[in-house]
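Worksheet: one structure, shown below.
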Amino acid sequence: MSADETSEGEKKLDVIRQVVADDVAAGKHDGRVQTRFPPEPNGYLHIGHAKSICLNFGIAEEFGGRCNLRFDDTNPTKEDVEYVDSIQEDVRWLGFEWDELHFASDYFEQLYEWACQLIRQGDAYVDSQSPEEIRAQRGTSSQPGTNSPDRERSVEENLDLFAKMRAGEFADGEHLLRAKIDMASKHLILRDPPMYRIRHAEHHRTGSDWCIYPMYDFAHGQSDSLEEVTHSICTLEFETHKPLYDWFIEKLGIFPSKQYEFARLSLTYTVMSKRKLLELVEGGQVDGWDDPRMPTLCGLRRRGYTREAIRAFCDDIGITRYNGMTDMVVLENALRGDLNKRAERRMGVLRPLKVVITNYPEGESEELEAVNSPEDESAGTRMVPFGRELFIEQEDFMEDAPKKFFRLAPGREVRLRYAYFITCTDVIKNDAGEVVELLATYDPATKGGDAPDGRKVKGTLHWVSAEHAINAEVRLYDHLCKVEDLSKIPDDEDWKSHLNENSLETLTDCRLEPSLADFDAGTPVQFERLGYFTLDANATTAEKPVFNRSVTLRDAWAKMQKR
RNA sequence: UGCCUGGUGGUGUAAUUGGUAGCACGCAUGACUCUGAAUCAUGUAGUCGGGGUUCAAGUCCCUGCCGGGCAACCA
């Protein structure tokens, strides 16, 4: 039973779903539920958007409603088709399909007419002051603003000016259409907020059709209303916009969409703001939006995250109005949970250490049977080649091993998984005193991994046959940032100085069992004892496969060592 | 010093709307184990403070404290 279920298995309702359920029960909008996911196409979607996607599409599903995908494309200077394409791909990848696809830019004509309506009603006016003058008149949180000298322009003059703004007769910034509300309002947002600005810029969809563009506040709620969105769900920082959201809808007399807010996702050790992510991409600190260290959906996908894991994670963290910080391990555990059930097991050695089995006949080899998944018998078994020369993991050997070290050490016996028990007899070092090779003997009677005499070993190691192994590159990842909470970094400090310079470790001399040679990108695999991996289709070449480690396995030994 | 909003174990959350503070993750211990994984069992720790109403307060009232957001011609 999960935390958000009752003993009857019924879903507990979060703050937003509770409102929806109440509205449906009360017969509001005849019980109709319409939501929307409204990204601005100015960047790639990240795990925080996944939370919103799961919420909006999830609610529609659960309440028999509909959910649209709408691009909030009202700022042409920041937006691009590259982003609208990737956003659609990512939403679909998560497993959701929108009922209708819309663009705020499709509403530009309607929005323009509505702006004219407000002018005619005396609820909007053209301000011809400079941005600086307007800012100076806004007042502060404790002091009221002052009225613009243009505030009492006649309807005719406003209409004329606004038409000329549209017609392109003015330069950027020369005029501004503002809502006429109250310069003394306690809600700063209501101090005659801007509705339309002049921007002679090429829009990725409308081209040069427009040189005036509506502001968020005069586009978002109106778009919601046009789509008859019943529940307009957004994050908490839009809370202060709600009075304005309602004001426009009321003045226009259009469909009464309502806004509800929830807390955005913050994850430890990473960045979530599109601005900062863009900075990393442009600054070359990462390989692109889909760098496996990025919290973007494409990055997580390339890292090996599954949609199931991401959706389970979103389910897990819940929806509240509390701005918390979610530990990255919650995300990682969601992945482990999903992959443990589905990923087949293979053996691969990341940092090879050669072992020669001195009593194994030279020039010979054999095949041993290994199970593909302990969690799923139907996954069957495969044959793994074994020979006289093997590779094991460097960290699985210790010359002066403490008692708690269950792995290989001089004189100690361990099991090679699915193969034989071996005992280390000699250690070969180079001039620098580093261990470069191990000599060992094997017990033929333990073939398959069990001793007929019932003798036990504490450790079981993964291994590959030197002769048969394939070479591979493996990339290991760590947190993007060294600090847990990036928002705690003072503004005068460069947040990028807190980036983890060791977030990527590339291992170029890894040896994998031969069955990994033609592995599908997108199919998760567990390298036993090391973690879950996925083939990186972008980086893999004909000569050399490249695997990304998605996440490590839980590691009690590593924890013990830390103490 | 304005407005909006929030505060439940370390973290994320739940509490039938006033009635036994529960779940998950983490952590610890143990069982099992051919992955120091998985699984299972046990344990760990919490209602921001102070008043008040009440038979009964995480929940209602007052007050204090702390946090987040808002003063872009961004979204």
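All values below were derived from every heavy atom in this structure, side-chain atoms included, with hydrogens, water molecules and symmetry-related copies excluded. Just so it is clear: chains get the letters A, B, ... in the order the sequence lines come, proteins before strands, and each one is counted from 1.
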Out of [options], which nucleotide sits closest to the side chain of [X]?
X: A:Thr460; options: B:U35, B:U17, B:C25; result: B:U35
X: A:Ile134; options: B:G2, B:C73, B:G36; result: B:C73
X: A:Tyr322; options: B:G6, B:A75, B:C3; result: B:G6
X: A:His187; options: B:G36, B:C73, B:C4; result: B:C4
X: A:Asn75; options: B:C73, B:U35, B:A75; result: B:A75
X: A:Asn333; options: B:A72, B:G26, B:G36; result: B:G26
X: A:Lys559; options: B:G36, B:G6, B:A28; result: B:A28

Distance check, [atom1] atoms only: [N] and [M], in whole angstrom units.
N: B:G9; M: B:C23; atom1: P; value: 16 Å
N: B:U13; M: B:C65; atom1: P; value: 26 Å
N: B:C61; M: B:G22; atom1: C1'; value: 27 Å
N: B:C3; M: B:A14; atom1: P; value: 29 Å
N: B:A37; M: B:C25; atom1: P; value: 15 Å
N: B:C48; M: B:G6; atom1: P; value: 14 Å
N: B:A21; M: B:G58; atom1: P; value: 8 Å
N: B:U11; M: B:A45; atom1: P; value: 16 Å

Whole-Å distance between [N] [atom2] and [X] [atom1]?
X: A:Asp316; N: B:U11; atom1: CG; atom2: P; result: 16 Å
X: A:Lys186; N: B:G2; atom1: NZ; atom2: C1'; result: 9 Å
X: A:Met215; N: B:A72; atom1: CE; atom2: P; result: 10 Å
X: A:Leu244; N: B:A75; atom1: CG; atom2: P; result: 13 Å
X: A:Leu13; N: B:C23; atom1: CG; atom2: P; result: 20 Å
X: A:Asp73; N: B:C74; atom1: CG; atom2: C1'; result: 14 Å
X: A:Asp485; N: B:U11; atom1: CG; atom2: P; result: 12 Å
X: A:Tyr213; N: B:C73; atom1: OH; atom2: P; result: 18 Å

My validator wants the stems of RNA chain B: runs of 3 or more consecutive Watson-Crick or G-U pairs, both distances under 3.5 Å, written as range with range.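 Correct response: B:2-7 with B:65-70, B:10-13 with B:22-25, B:26-31 with B:39-44, B:48-52 with B:60-64.
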
For B:U33, measure the glycosidic angle (O4'-C1'-N9-C4 for a purine, O4'-C1'-N1-C2 for a pyrimidine) and name it syn if it falls within 90° of 0, otherwise anti.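 It is anti.
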
Kindly state which residues belonging to residues 37-47 of chain A come within less than 4.0 angstrom of RNA chain B, counting heavy atoms of the residue only, listed by number.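 Per residue number, the list reads A:Glu40.
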
Criterion side-chain hydrogen bond (donor to acceptor under 3.5 Å, both in side chains) on A:Arg346 and A:Ser515, from CA distance to verdict: CA-CA 8 Å; A:Arg346 293 292 185 274; A:Ser515 67; 3.1 Å; yes

If you restrict it to nitrogen or oxygen atoms, what contacts under 3.5 Å exist between nucleotides 67-71 of chain B and the protein, and what is each distance?
unit_1 : atom_1 : unit_2   : atom_2 : d
B:G68  : O2'    : A:Asn323 : ND2    : 3.0
B:A71  : O2'    : A:Arg138 : NE     : 2.8

Any Lys/Arg nitrogen of [X] or [Y] sitting under 4.0 Å from an Asp/Glu carboxylate oxygen of the other?
X: A:Glu79; Y: A:Arg205; value: no
X: A:Arg321; Y: A:Glu261; value: yes
X: A:Lys78; Y: A:Asp73; value: no
X: A:Arg382; Y: A:Glu344; value: no
X: A:Arg70; Y: A:Glu227; value: yes
X: A:Glu237; Y: A:Arg264; value: yes

Partners of A:Asp90 by side-chain hydrogen bond (donor to acceptor under 3.5 Å, both in side chains), sequence neighbours excluded?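 With neighbours one apart ignored, the set is A:Arg301.
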
Check side-chain hydrogen bond (donor to acceptor under 3.5 Å, both in side chains) between A:Glu367 and all other residues, then give those that pass, not counting sequence neighbours.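 By the side-chain hydrogen bond (donor to acceptor under 3.5 Å, both in side chains) rule, A:Glu367 matches no residue at all.
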
A:Arg529 (side chain) and B:G36 (base): donor-acceptor pair under 3.5 Å: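 When only heavy-atom distances are counted, A:Arg529 does not reach the base of B:G36 through any donor-acceptor pair under 3.5 Å.
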
Going by modelled atom types, is there a donor-acceptor pair between the base of B:U35 and the side chain of A:Gln526 at under 3.5 Å?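 Looking at the base of B:U35, it does pair with a donor or acceptor on the side chain of A:Gln526 (distance under 3.5 Å).
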
Any idea how A:Tyr107 and A:His102 line up, ring-wise: parallel (<30°), tilted (30 to 60°), or perpendicular (>60°)?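 Because their plane-to-plane angle lies in the 30° to 60° range, the rings of A:Tyr107 and A:His102 count as tilted.
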
Would A:Tyr216 count as stacking on B:A75 if stacking means ring centres less than 5.5 angstrom apart and planes tilted under 30 degrees?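 Taking the rule of under 5.5 Å and under 30°, the ring of A:Tyr216 does not stack on B:A75.
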
Report yes or no: is the ring centroid of A:Phe406 under 5.5 Å from the six-membered base ring centroid of B:G36, with the two planes under 30 degrees?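 Here A:Phe406 meets both the 5.5 Å and the 30° conditions.
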
Can the ring centroids of [X] and [Y] be said to lie less than 6.0 angstrom from one another?
X: A:Tyr532; Y: A:Phe527; value: no
X: A:Tyr245; Y: A:Phe238; value: no
X: A:Tyr213; Y: A:Tyr196; value: no

Does a nitrogen or oxygen in the side chain of A:Thr74 sit under 4.0 Å from OP1 or OP2 of B:A75?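 Answer yes for this pair, as a side-chain N or O of A:Thr74 is under 4.0 Å from OP1 or OP2.
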
A:Arg275 side-chain N/O to B:C74 phosphate OP1/OP2 under 4.0 Å: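 So the side chain of A:Arg275 is outside the cut-off, no N or O lying under 4.0 Å from OP1 or OP2 of B:C74.
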
Nucleotide N/O to protein N/O under 3.5 Å, stretch nucleotides 31-33 of chain B:
none

Specify the residue among A:Asn340 and A:Val330 whose closest nucleotide of RNA chain B lies further upstream toward the 5′ end.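 Checking each residue's closest nucleotide, the 5'-ward one belongs to A:Val330.
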
Which sits closer to the 5' end of RNA chain B, A:Lys78 or A:Phe527, going by the nucleotide each is nearest to?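 On the 5' side of the pair lies A:Phe527.
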
Decide yes or no on side chain to side chain contact (heavy atoms under 4.5 Å, CB included) for A:Tyr418 and A:Val384, but give the supporting numbers first. CA-CA 9 Å; A:Tyr418 300 123; A:Val384 185; 5.9 Å; no

Derivation of the side-chain hydrogen bond (donor to acceptor under 3.5 Å, both in side chains) call for A:His462 and A:Arg417: CA-CA 6 Å; A:His462 60 276; A:Arg417 189 147 161 88; over 6 Å; no

Sub-3.5 Å donor-acceptor pair from the side chain of A:Lys242 to the main-chain atoms of A:Gln259, do we have one?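 The answer is yes, because a donor-acceptor pair under 3.5 Å joins these two groups.
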
Is the side chain of A:Glu174 donor-acceptor paired with the backbone N or O of A:Ala171 at a distance under 3.5 Å, no angle test?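 Here the side-chain-to-backbone pair exists.
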
